[in-house]
Amino acid sequence: MIDYPRTYFGWSASSPADYADPESGLVVHYNGPATGLTGHGDCVAYWKATRDGHVSGNGWADIGYSFGISTEGGIFEGRGLNRYQAAQGTTSGNRNWYSVSLMIGEGERPTDAQIDGVRRLRARLMSEHGVSGRVLGHRDFSSTSCPGSLLYDLVEDGTFEQPPGSPTPTTTEGHDPMLGLTKGDSGRPVTALQQVLLYCGASLPQYGADGGYGQETADAVLWVRQQMGSSATNGDTVTSYAYAQILKALARKQAEEILADAPSGSGTSLPATATITGTVNLEA
């Protein structure tokens, strides 16, 4: 389960933190500020520095997290198994849940390998240690922005609860370029997204389809998702689930127009399902 144990970093084989038996699930964290990590060596140095900060700066017994996930998807051991956490911010959260920190910060997207690293960790905790498969975010325990809007969207839409090797919403090859867009992005894919949102009935009153994914676009994405029955709380990222809901809204709108154009008395009705084919034309 662990790709890089504590001894790899020059630490004791087991954590000096207090014993606990977390069984409730896994809590996702991130660094906060962007890390800019680009490879294994950077991630090792980051993990060691994080522990130094937690021990020397915070006065904790050890690094606060159970595990970390490098940008290459490696599972780094922190406190490890059967240890009380110092990450969730509440006694019950630290005692009953394992924690995993992805080595990225605000505005940085998780790599596909990182997402699969969380899935691998979760699967082994479930199969070998009887831990629940539930995944939450740090903000579910205390007032914090952690793990950031992008990672929290993946928590909410169940991305981390998929089996290892499942498709991830950040994959970029061979898919619609709208998939995976996030707040702060810009360019033709964002313009295409905005045009689809407007067609589906969303409002972009201040900026329109300007090619910038700001708060107005995020609000429009959330509105469309909620029209399709989603319980999402923000539209900061076009996750795989958000994308599917936008396509559903698009299909419904197209079906309504077909029905409106049908001759009176023709018996035309809205189809139970609709299939959308083709690609977004970014040159238009």
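- Note that CD of Glu161 and CE of Met126 are 8.5 Å apart. Values are rounded to the nearest 0.5 Å.
- Side chain of Gln114 to backbone of Thr111: a donor-acceptor contact under 3.5 angstrom is found.
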Inset, instruction - Apply the test side-chain contact (heavy atoms from CB on, under 4.5 Å) to residues Tyr213 and Leu193: give CA-CA distance (whole Å), side-chain angles for both, the deciding distance (0.1 Å), then the verdict. - result: CA-CA 9 Å; Tyr213 198 140; Leu193 169 66; 3.8 Å; yes
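- Judged by distance alone, with hydrogens and angles left aside, the side-chain atoms of Asn31 form no donor-acceptor pair with the main-chain N or O of Met103 at under 3.5 Å.
- The two residues Asn82 and Pro22 have their closest heavy-atom pair at CA-CD, 4.3 Å.
- Residues Cys43 and Ser70 approach most closely at SG-CB, 3.7 Å, considering heavy atoms.
- The pair Arg83-Asp62 does not count as a salt bridge, with every side-chain nitrogen at least 4.0 angstrom from each carboxylate oxygen.
- Pro147 and Gly137 get closest at one heavy-atom pair: CD-CA, 4.1 Å.
- Grouping the Ile, Leu, Val, Met, Phe, Trp and Tyr side chains by contacts below 4.5 angstrom, directly or via other members, places Leu204 apart from Val221.
- Hydrophobic clustering (side-chain heavy atoms under 4.5 Å, transitive across Ile, Leu, Val, Met, Phe, Trp, Tyr) keeps Leu37 apart from Leu150.
- In terms of heavy atoms, Thr38 sits closest to Asp42 at OG1-OD2, 2.9 Å.
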Inset, instruction - Take Arg6 and Ser12 through the side-chain hydrogen bond (donor to acceptor under 3.5 Å, both in side chains) test and state the conclusion after the steps. - result: CA-CA 6 Å; Arg6 291 175 54 85; Ser12 61; 3.3 Å; yes
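- In the hydrophobic clustering of ILVMFWY residues, with side-chain heavy atoms under 4.5 Å counting as a link, Val28 and Ile104 come out together.
- Here the straight-line distance linking atom CG of Asp18 with atom CG of Asn94 works out to 11.0 Å at 0.5 Å rounding.
- No chain of hydrophobic side-chain contacts below 4.5 Å, direct or via other Ile, Leu, Val, Met, Phe, Trp or Tyr residues, connects Trp11 to Ile2.
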Legend entry - From CA spacing to verdict: side-chain contact (heavy atoms from CB on, under 4.5 Å), Ser66, Ser99: CA-CA 5 Å; Ser66 307; Ser99 55; 3.4 Å; yes
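- Between Trp47 and Phe76, the ring planes are perpendicular. Angles over 60° get that label, and only those under 30° would be called parallel.
- The existence of a salt bridge linking Lys183 and Asp153 is excluded, since no basic side-chain nitrogen approaches an acidic carboxylate oxygen closer than 4.0 Å.
- Screening residues 105-150 for ring pair (Phe, Tyr, Trp, His ring centres under 6.0 Å), with sequence neighbours left out, gives His29-His138, Trp97-Phe141.
- Checked by atom type and distance alone, the side chain of His54 pairs as donor or acceptor with a backbone atom of Gly64 at under 3.5 Å.
- Distance alone, capped at 3.5 Å, is enough to place a donor-acceptor pair between the Thr182 side chain and the Asp236 backbone.
- Of the options Gln194, Glu257, Lys253, Gln254, a side-chain hydrogen bond (donor to acceptor under 3.5 Å, both in side chains) to Tyr199 is made by Glu257 and by none of the others.
- Distance alone, capped at 3.5 Å, is enough to place a donor-acceptor pair between the Arg79 side chain and the Tyr84 backbone.
- Arg139 places no side-chain N or O within 3.5 Å of a backbone atom of Tyr152 that could act as its donor or acceptor partner.
- Smallest separation of non-hydrogen atoms from Thr35 and Tyr46: CG2-CE1, 4.1 Å.
- Open room surrounds OH on Tyr207; 12 or fewer heavy atoms of other groups in view lie less than 6.0 Å from it.
- Residues Leu151 and Leu136 do not share a hydrophobic cluster, defined by chaining ILVMFWY side chains whose heavy atoms lie under 4.5 Å apart.
- By the ring pair (Phe, Tyr, Trp, His ring centres under 6.0 Å) test, Tyr8 is found to be paired with Tyr4, His40, residues two or more places apart in sequence or in another chain being considered.
- Rounded to the nearest 0.5 Å, atoms OG (Ser14) and CG (Leu81) are 11.5 Å apart.
- Taken to the nearest 0.5 Å, the OG1 atom of Thr237 stands 11.0 Å off from the CG atom of Leu179.
- Remark: side-chain polar atoms of Arg119 are paired, donor with acceptor, to backbone N or O of Ser166 under 3.5 angstrom.
- A search for side-chain hydrogen bond (donor to acceptor under 3.5 Å, both in side chains) contacts involving Glu106 returns Tyr30, not counting sequence neighbours.
- In this structure a side-chain-to-backbone donor-acceptor pair under 3.5 Å is missing from Gln195 to Ala209.
- Within the model, atoms CD1 of Ile69 and CD1 of Ile115 stand 11.5 Å from one another, a figure rounded to the nearest 0.5 Å.
- Looking only at side-chain heavy atoms (C-beta outward), Val135 and Val100 stay at 4.5 Å or farther from each other.
- In terms of heavy atoms, Ala220 sits closest to Leu197 at CB-CD1, 3.9 Å.
- With a 4.5 Å cut-off on side-chain heavy atoms, Glu156 and Tyr241 do not count as touching.
- Looking at Leu26 and Phe160, their side chains never come closer than 4.5 Å, going by heavy atoms from C-beta outward.
- Of the possible donor and acceptor atoms, none in the side chain of Asp219 sits under 3.5 Å from a partner among the backbone N and O of Glu216.
- Counting only distance, with no hydrogens or angles, the side chain of Tyr65 and the backbone of Ala86 share no donor-acceptor pair below 3.5 Å.
- Here the OG1-CD1 distance, from Thr50 to Ile63, works out to 5.5 Å after rounding to the nearest 0.5 Å.
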